[in-house]
Chemist: 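Quick one: this structure, given as structure tokens, is what I'll be asking you about.
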2 protein chains.
Amino acid sequence: MKDFTSPISVKRIAEPTVRRLSLYLRFLEDFEKAGRATISSGELAHVGHTTSAQVRKDLSFFGSFGKRGLGYDTGALTAQIRRILGLDRTWKVVIVGAGKIGSALAQHRGFRERGFDVVGIFDVDPHRVGYMLDGVSISDVKGLEAIVRRLEAEIAVLAVPPEVAQGIATRLSKAGVHAILDFSTEPLKVPADVTVRSMNLAMEMEILSFALANR
Amino acid sequence: MKDFTSPISVKRIAEPTVRRLSLYLRFLEDFEKAGRATISSGELAHVGHTTSAQVRKDLSFFGSFGKRGLGYDTGALTAQIRRILGLDRTWKVVIVGAGKIGSALAQHRGFRERGFDVVGIFDVDPHRVGYMLDGVSISDVKGLEAIVRRLEAEIAVLAVPPEVAQGIATRLSKAGVHAILDFSTEPLKVPADVTVRSMNLAMEMEILSFALANR
DNA sequence: CCTAGATTGTGAAGGATTTCACAAGCCCCA
DNA sequence: TGGGGCTTGTGAAATCCTTCACAATCTAGG
């Protein structure tokens with residue numbers, strides 16, 4: 001789980017900044033759909049539960065996209081944030097694990113809609129191998145490395161039992177995957193050039209529990 | 001999405017601290033299973049990718065649980081963190097939305113194992129209402145408030161389409177739910193005494209995309 | 001009982017992120 | 001063309017979080 005360094009620009013971008021950019025993007029798309037031509041940092045802040053200064057600071061790391069006195073051009077800012085987040089292209093994604101969660105994800109509309117192209121699905125269970133999920137057939141996880149390499153998949157979604165998650169993560173790293181979205185509970189150890197994000201249900205529930213217990 | 005204040009103790013606990021406590025707990029359980037009687041902040045730090053000072057500082061907000069020169073008693077510390085996180089009891093959980101994600105969650109073992117008791121499941125689709133999921137029958141979402149109140153559910157998991165998420169969140173808040181785990185993409189507006197955590201797949205994918213695009 | 005070795009608990013320092021506050025710049029209208 | 005009203009972009013201040021560093025204290029062993 002590493003690193004949010006920018007390539008040429010020496011500055012390191014904080015994770016909360018990236019998270020907020022993703023939020024802003026969502027709002028901008030709404031505003032665009034609603035036909036708003038320009039938007040101010042204050043309006044963006046309002047819907048995003050933050051401050052206008054925060055919005056401007058976040059954007060300032062990447063350039064100056066607004067017009068003083070006016071705000072931001074909705075379409076232009078949308079495009080800029082898309083570019084910043086690397087969403088001005090599609091990414092090839094493989095899903096490992098075609099159980100409950102894996103197959104729910106594979107059929108998830110929002111994936112393709114947002115430029116994440118599911119090109120491969122893997123499972124160990126021979127009963128599942130060969131079946132199609134949303135247009136992609138399930139492959140035997142034995143062939144993971146070869147297929148990932150051939151497809152040139154860049155992102156992997158890991159929806160396997162926790163006992164095998166680490167092993168798969170290592171194999172994915174070796175096969176050239178540099179980004180993993182992990183649904184298992186234990187943190188993964190991966191090479192420094194691999195980014196891991198965890199969707200840890202247990203942890204989120206425990207944070208809620210803490211909040212309730214300490215009201 | 002609010003607030004990590006402690007009740008009597010005036011100090012506010014930072015979210016990263018709570019997140020790490022949840023991690024420590026997982027490791028402690030592993031260590032306990034492995035038969036380790038005591039554990040040092042350094043060992044805990046090692047598996048959790050942090051520093052021993054961080055571990056000790058995190059714990060220090062809640063008391064002093066260790067023995068100088070020795071470390072922490074594994075079992076005792078486990079119990080303490082459980083108590084801190086409010087995991088020394090069970091919480092009643094309802095799941096709203098019995099689609100792909102909702103039903104995957106309903107059948108998720110880890111839920112009950114960790115003290116989160118799924119007492120109700122709701123859906124709009126009349127074809128789903130009445131069916132059982134892991135021992136709990138699916139109710140019509142029309143009866144949400146009444147049932148939530150009767151069951152005294154404290155936590156809700158929201159796995160509904162984004163268009164209706166806000167509406168359901170409001171209804172849940174009014175029905176006495178103070179914690180929501182939300183799987184939809186748009187942030188929810190809820191009263192200040194309701195804590196919301198989002199598992200936002202799109203956002204996590206976009207953070208990965210950013211990391212890849214800016215390597 | 002005393003010393004060596006280990007580890008905690010915690011103020012204080014350091015670093016990172018957010019917020020403040022204001023000069024600079026743009027648009028509109030007279 | 002010039003003034004008023006707004007909003008950006010950004011150093012500087014404030015706040016929040018992490019790391020440092022060390023006194024306090026424990027165990028074990030002779």
Side-chain angles (χ1 to χ4, degrees), chain A residues 1-6 9-24 27-28 31 36-74 76-77 80-81 84 207 210, chain B residues 1-6 9-24 28 31 36-74 76-77 80-81 84 207:
Chain A
M1 199 185 307
K2 272 282 77 65
D3 228 348
F4 280 81
T5 31
S6 213
S9 45
V10 191
K11 55 184 178 289
R12 215 191 70 97
I13 302 300
E15 188 193 307
T17 296
V18 181
R19 181 177 299 281
R20 282 189 300 267
L21 286 177
S22 167
L23 263 187
Y24 302 156
F27 298 134
L28 282 166
F31 278 111
R36 294 287 309 272
T38 67
I39 185 153
S40 72
S41 59
E43 291 172 286
L44 223 33
H46 181 73
V47 290
H49 296 112
T50 179
T51 66
S52 64
Q54 180 75 80
V55 172
R56 295 197 301 279
K57 183 65 96 181
D58 286 339
L59 294 174
S60 77
F61 294 127
F62 303 96
S64 37
F65 309 122
K67 275 211 179 60
R68 290 164 195 242
L70 239 204
Y72 303 87
D73 178 281
T74 313
L77 187 56
Q80 285 292 352
I81 295 183
I84 291 165
I207 295 174
F210 176 83
Chain B
M1 197 185 306
K2 272 283 75 67
D3 229 351
F4 280 80
T5 30
S6 216
S9 45
V10 190
K11 55 183 178 291
R12 215 191 71 98
I13 302 301
E15 189 193 308
T17 296
V18 181
R19 182 177 297 283
R20 283 189 299 266
L21 286 176
S22 168
L23 263 186
Y24 303 156
L28 282 166
F31 278 111
R36 294 288 310 274
T38 67
I39 186 154
S40 72
S41 59
E43 292 171 286
L44 223 34
H46 182 71
V47 289
H49 294 113
T50 179
T51 66
S52 65
Q54 181 75 80
V55 172
R56 297 198 299 279
K57 182 64 91 182
D58 286 339
L59 294 174
S60 77
F61 294 126
F62 302 96
S64 38
F65 309 122
K67 275 211 179 60
R68 290 166 194 239
L70 240 205
Y72 302 88
D73 178 282
T74 314
L77 187 57
Q80 285 291 353
I81 295 184
I84 292 165
I207 296 174

Chemist: Between A:E43 (CD) and D:dT7 (C1'), how many Å, whole number?
Modeler: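 After rounding, the gap between these two atoms is 11 Å.
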Chemist: Given the structure, check if the side chain of A:R68 and the base of D:dT8 hold any donor-acceptor pair shorter than 3.5 Å.
Modeler: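 Such a pair is found, so the answer is yes.
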Chemist: From CG of B:L70 over to P of D:dA24, roughly how many Å is that when rounded to an integer?
Modeler: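 From B:L70 CG to D:dA24 P: 20 Å.
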Chemist: Whole-Å distance between D:dT8 P and A:Y24 OH?
Modeler: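 So the OH-P distance, A:Y24 to D:dT8, works out to 12 Å.
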Chemist: As a test of understanding, state which of A:F31, A:Y24, A:F27 forms a side chain to side chain contact (heavy atoms under 4.5 Å, CB included) with A:I39.
Modeler: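 Testing each of A:F31, A:Y24, A:F27 against A:I39, the sole residue satisfying side chain to side chain contact (heavy atoms under 4.5 Å, CB included) is A:F31.
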Chemist: Grab the NZ-P distance between B:K67 and D:dA24 for me, whole Å please.
Modeler: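 Going from B:K67 (NZ) to D:dA24 (P), I get 20 Å.
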Chemist: Could you tell me whether the side chain of A:T74 and the main chain of A:A37 form a donor-acceptor pair under 3.5 Å?
Modeler: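 Checking the backbone N and O of A:A37 against the side chain of A:T74, a donor-acceptor pair under 3.5 Å is found.
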Chemist: Could you tell me how far apart B:Y72 (OH) and D:dC26 (C1') are, to the nearest whole angstrom?
Modeler: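 Rounded to whole Å, this separation is 13 Å.
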Chemist: Is B:R12 close enough to D:dT15 that one of its side-chain N or O atoms is under 4.0 Å from OP1 or OP2 there?
Modeler: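 No, B:R12 has no side-chain N/O under 4.0 Å of OP1/OP2 on D:dT15.
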Chemist: Can you check the A:F65 CZ to D:dT10 C1' distance for me, whole Å?
Modeler: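 Rounded to the whole Å, the gap is 15 Å.
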Chemist: Between P on C:dT19 and NE2 on A:H49, what's the gap in Å once rounded to a whole number?
Modeler: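 Atom NE2 in A:H49 sits about 14 Å away from atom P in C:dT19.
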Chemist: Tabulated below should be each protein N or O lying under 3.5 Å from an N or O of nucleotides 18-22 of chain D; please produce it.
Modeler:
from: D:dT18; atom 1: OP1; to: B:R20; atom 2: NH1; distance (Å): 3.0
from: D:dT18; atom 1: OP2; to: B:R20; atom 2: NH2; distance (Å): 2.9
from: D:dT18; atom 1: O5'; to: B:Q54; atom 2: OE1; distance (Å): 3.4
from: D:dA21; atom 1: N6; to: B:R56; atom 2: NH2; distance (Å): 3.3

Chemist: Under 4.0 angstrom, heavy atoms only, what part of the nucleic acid is B:S52 near: base, sugar-phosphate, or nothing?
Modeler: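 If one applies the 4.0 Å heavy-atom cut-off, B:S52 turns out to touch nothing in the nucleic acid.
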